[in-house]
Amino acid sequence: MSDARERLRIAVQKSGRLTEPSLALLRQCGLSFRQSRDKLFCYGDGMPVDLLLVRDDDIPNLIEQGVCELGIVGRNVLAEHQGGTGAASTSPRVVERQPLGYGLCRLALAVPGGRGYRTPRDLQGLRIATTYPRLLAQFLAREEVRAEIVVLSGSVEIAPRLGTADLICDLVSSGATLAANHLREVATLMDSEATLVSSAREPTDARAEIQELLLRRIEGVLTVRESKLVLLRAPRAQLAAIVKLLPGGVTPDLTAVEGDADEVALQALCPRAVSWPELEAMRRAGARSLLVLPVDKVLA
Ligand code: PRP
Ligand code: ZN
């Protein structure tokens with residue numbers, strides 16, 4: 001258990017697919033980090049938040065042990081830690097707080113080029129190499145298939161070539177790793193993306209407020225990534241029709257235009273991008289001076 005601390009700690013993958021986008025997200029939240037010599041612990045400027053750069057698979061354990069409060073991992077890592085539908089997941093100590101929308105990938109089965117595969121039944125008696133033994137075991141149990149799970153800590157994709165497994169169960173993102181190793185994806189066990197995780201127990205000291213603030217900022221950054229501010233002018237009579245065309249069913253702010261009782265200025269924060277056809281439809285409905293702007297920050 002951790003002692004009372006004044007500063008929050010967030011753990012991020014040291015080197016991998018999630019490292020750069022995760023650090024970019026934290027920078028957008030107003031954090032900057034002083035790189036320490038060992039690069040494992042980085043002191044945060046701008047907010048009382050420090051960064052731990054570690055192996056992604058270690059992050060749920062570090063949170064459980066109270067070494068850090070927050071972490072960014074693939075949902076697959078969290079699911080593996082929680083042990084799927086096992087007893088451990090009935091009251092998880094590490095919980096998902098916020099999907100982050102990047103690091104999209106899937107946990108999949110892949111077979112060497114020459115091997116056929118039609119249904120999970122075909123896996124009966126085979127050896128499957130993976131770094132996700134619990135998720136794989138859960139899948140095999142669900143499909144009522146007996147196969148041998150060969151647990152590896154990395155480089156799973158070369159196991160079939162080395163003869164230590166017949167096929168693999170690994171993360172696939174672009175598919176480049178599979179292609180380079182002449183492996184063919186045949187079934188998906190779960191879809192995944194980067195997600196913010198934390199201890200199920202909220203901190204009770206100064207860290208509670210910092211955590212709340214950081215979560216709000218992350219939410220704000222995610223919102224603005226998609227958001228657009230739409231500005232336009234329209235005759236009052238056409239307003240209802242134009243508002244219906246705004247993406248996301250948003251309620252706009254309306255302002256009277258000085259010297260023109262008939263004209264209204266509209267401002268709307270839309271939750272997604274606005275396409276040219278949507279903009280043209282608003283123009284046909286009577287809107288003028290249409291402007292779509294990117295959003296830099298949002299604070300609810
Ligand atoms: C995964 C997986 C593959 C690679 C697949 O590793 O183990 O090596 O990504 O990506 P691709 O389909 O785009 O080639 P990850 O980044 O999760 O790192 P880790 O397994 O070392 O934690
Ligand atoms: Zn990993």
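Both ligands and their constituent atoms are indexed starting at 1 by order of listing.
- Under the 4.5 Å side-chain criterion, counting only non-hydrogen atoms from C-beta, Phe139 is not in contact with Val145.
- With a 4.0 Å cut-off on non-hydrogen atoms, Leu171 touches ligand 1 through its backbone as well as its side chain.
- For Asp57, the N/O/S atom at the shortest distance from the Zn ion (ligand 2) is named OD1.
- The pair Glu219-Arg97 fails the salt-bridge criterion, with no side-chain N (NZ, NE, NH1 or NH2) lying under 4.0 Å from an Asp/Glu carboxylate O.
- The shell of residues lying under 4.0 angstrom from ligand 1, judged by heavy atoms, excludes Arg55.
- Not one N or O of Tyr132 is nearer than 3.5 Å to an N or O of ligand 1, by distance alone.
- For Glu69 and Arg5, the salt-bridge test passes: some basic side-chain N is under 4.0 Å from an acidic carboxylate O.
- The shortest heavy-atom distance from Gly16 to ligand 1 is not under 4.0 Å.
- The side-chain contact (heavy atoms from CB on, under 4.5 Å) check on Ser15 picks up nothing, with sequence neighbours excluded.
- Of the N or O atoms in Val172, none lie within a sub-3.5 Å distance of an N or O in ligand 1.
- Within the listing of ligand 1, atoms 22 (O) sit less than 4.0 angstrom from a heavy atom of Asp56.
- Arg283 places a side-chain heavy atom less than 4.5 Å from the side chain of Arg288.
- Taking the charged nitrogens against the carboxylate oxygens, Arg9 and Asp50 have no contact shorter than 4.0 Å, which rules out a salt bridge.
- For the Zn ion (ligand 2), the nearest N, O or S atom contributed by Asp56 is named OD1.
- Although no hydrogens or angles enter the test, the distance criterion places a donor-acceptor pair under 3.5 Å between the side chain of Glu80 and the main chain of Arg134.
- Closer than 4.0 Å to atom 11 (P) of ligand 1 lies at least one heavy atom of the protein.
- The proximity of Thr177 to ligand 1, defined as any non-hydrogen pair under 4.0 Å, involves the side chain as well as the backbone.
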